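Reading through the structure tokens given below for one structure.
None of these values were measured; they are calculated from a predicted model.
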Amino acid sequence: MVYQHIIFDLDGTLVDSASEIHESAAYVCAEHGLQIPSQEYIRQATGSPPVQFFLDHGCEPVQAEALVPIFRQRLAERAGNPDRVYEDVEQVLSLLYHRGMRISLATTKPTGLASLLLTRYGLFSFFSHIQGTDPPLRHKPHPDIIKACISHAPNLKALMVGDTCYDIEAASQAGIDSVGITLGAHGEERLSELEPTFIIDRMNELMLVLGIEK
């Protein structure tokens, strides 16, 4: 097997969380007199730093950063519905886990919030390492959080799986191969522009990429 360490993005890759993110962003915008983002805007913006949600909907830059903790607190209170987990995800993670592969998460969310939500989604136990974008680490497409995942298992050949161009570019900058999955934010056309190593439409197709029989 070529790869021994699989690094997953969270939102749009393992879970269809756009509705949860939208609810929290819309709540914060409404509470602070901002324009309300559409759910399609949130879906397309998934993977971006959440401060961008507020900047794009009428918030002044000096105030936008202060809204991010409120947004994340709302997510912590409301998000994590296990029905949001994409089909095949739990089965694929279980197969990888029981074959002894290292599984990591690299997400825009802070590590603590990501861990909480993974627990609610019922996926936490599969992961060897959960890496959020905690300061001073920079958001994807910078490679910081992927490199942090790799640093915990430097001798294993790693593969990044994500649904956005940010995931693919970050993997490239980190010097590893990537899988673009078309379920989430950016779709096949946009992902193809970044030339991921592989493109898949469903999570169970990852097993073909890895040469694993189900």
Side-chain angles (χ1 to χ4, degrees), residues 1-18 21 42-53 56 86 88-89 92-93 96 99 101-111 114 118 123 126-212:
M1 192 181 302
V2 176
Y3 305 103
Q4 304 90 29
H5 182 188
I6 313 302
I7 305 171
F8 290 96
D9 171 57
L10 178 58
D11 299 301
T13 299
L14 300 178
V15 296
D16 182 10
S17 53
I21 297 170
I42 293 293
R43 184 174 297 278
Q44 292 297 317
T46 295
S48 303
V51 68
Q52 198 63 46
F53 302 163
D56 288 349
Y86 281 123
D88 303 323
V89 163
V92 167
L93 291 176
L96 297 178
R99 284 177 174 264
M101 298 188 71
R102 184 175 179 86
I103 304 173
S104 296
L105 188 80
T107 176
T108 300
K109 288 180 167 64
T111 300
L118 273 183
L123 304 177
F126 297 118
F127 286 83
S128 299
H129 181 70
I130 297 168
Q131 184 62 62
T133 306
D134 305 321
L137 301 179
R138 298 169 296 174
H139 290 275
K140 293 176 281 188
H142 296 290
D144 301 23
I145 60 174
I146 295 179
K147 287 184 173 181
C149 290
I150 294 169
S151 72
H152 291 274
N155 296 323
L156 300 182
K157 186 171 178 62
L159 177 71
M160 177 68 197
V161 182
D163 69 302
T164 72
C165 295
Y166 314 126
D167 298 309
I168 306 308
E169 185 176 347
S172 178
Q173 290 194 45
I176 67 170
D177 291 348
S178 61
V179 177
I181 186 165
T182 63
L183 288 171
H186 288 170
E188 182 173 2
E189 184 175 351
R190 287 186 67 183
L191 290 171
S192 296
E193 293 174 0
L194 274 290
E195 299 183 342
T197 316
F198 310 96
I199 292 182
I200 61 176
D201 297 318
R202 292 166 57 101
M203 189 57 73
N204 64 1
E205 294 173 22
L206 181 62
M207 309 310 283
L208 297 176
V209 168
L210 299 173
I212 296 174

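- When all heavy atoms of Ser17 and Gly12 are compared, the closest pair comes out as OG-N, 4.3 Å.
- The CD1 atom of Ile150 sits 10.5 Å away from the CG atom of Leu156 when rounded to the nearest 0.5 Å.
- Pro196 and Leu191 make their closest contact through CD-O, 3.1 Å (heavy atoms, listed as atom of the first residue, atom of the second, distance).
- Residues Ser178 and Ile168 approach most closely at OG-CG2, 3.7 Å, considering heavy atoms.
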Intermediate values then yes/no, side chain to side chain contact (heavy atoms under 4.5 Å, CB included), Asp16 and Leu183: CA-CA 8 Å; Asp16 182 10; Leu183 288 171; over 6 Å; no

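- Between the side chain of Gln173 and the backbone N or O of Pro141, at least one donor-acceptor pair lies under 3.5 Å.
- Atom OG of Ser128 is separated from atom CE of Met101 by 10.5 Å, given to the nearest 0.5 angstrom.
- When each of Val179, Val92, Leu96 is checked for a side chain to side chain contact (heavy atoms under 4.5 Å, CB included) with Ile6, only Leu96 meets the rule.
- Put simply, the side chain of Asp201 never gets that close to the backbone of Thr182: no donor and acceptor are under 3.5 Å apart.
- Expressed to the nearest 0.5 Å, how far CG of Asp88 lies from CG of Leu93 amounts to 10.5 Å.
- Smallest separation of non-hydrogen atoms from Gly184 and Asp163: CA-OD2, 3.4 Å.
- Taking CD1 of Ile181 as the start and OG1 of Thr164 as the end, the distance is 12.0 Å to the nearest 0.5 Å.
- Panel note: side chain Asp144, backbone Arg138; a donor-acceptor pair is recorded below 3.5 Å.
- Taken from CG in Asp177 to OH in Tyr3, the straight-line distance is 3.5 Å, to the nearest 0.5 Å.
- Between Asn155 atom CG and Arg102 atom CZ the span is 11.5 Å, to the nearest 0.5 Å.
- The residue from Asp9, Thr133, Thr108 that alone fulfils the side-chain hydrogen bond (donor to acceptor under 3.5 Å, both in side chains) condition with Lys140 is Asp9.
- Within the 3.5 Å criterion, the main-chain N or O of Ala148 finds a donor-acceptor partner in the side chain of Ser151.
- Side-chain atoms of Asp167 never come within 3.5 Å of backbone atoms of Met160 as a donor-acceptor pair (strictly under, hydrogens ignored).
- Remark: side-chain polar atoms of Gln131 are not paired, donor with acceptor, to backbone N or O of Ala106 under 3.5 angstrom.
- Applying the side chain to side chain contact (heavy atoms under 4.5 Å, CB included) rule to Arg190 yields the partners Gln44, Cys165, His186; only residues at least two apart in sequence or on another chain are considered.
- Exactly one of Ile7, Val209, Thr13 qualifies for a side chain to side chain contact (heavy atoms under 4.5 Å, CB included) with Val161. That residue is Thr13.
- Annotation: side chain to side chain donor-acceptor pair (under 3.5 Å) contacts of Glu195 (sequence neighbours excluded): none.
- Between Leu159 and Leu206 the shortest side-chain heavy-atom distance falls below 4.5 Å.
- Taking both residues in full, the closest heavy atoms of Phe127 and Leu14 are given as CZ-CD1, 3.7 Å, listed atom of the first, atom of the second, then distance.
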Step-by-step side chain to side chain contact (heavy atoms under 4.5 Å, CB included) determination, Val15 to Leu10: CA-CA 6 Å; Val15 296; Leu10 178 58; 4.0 Å; yes

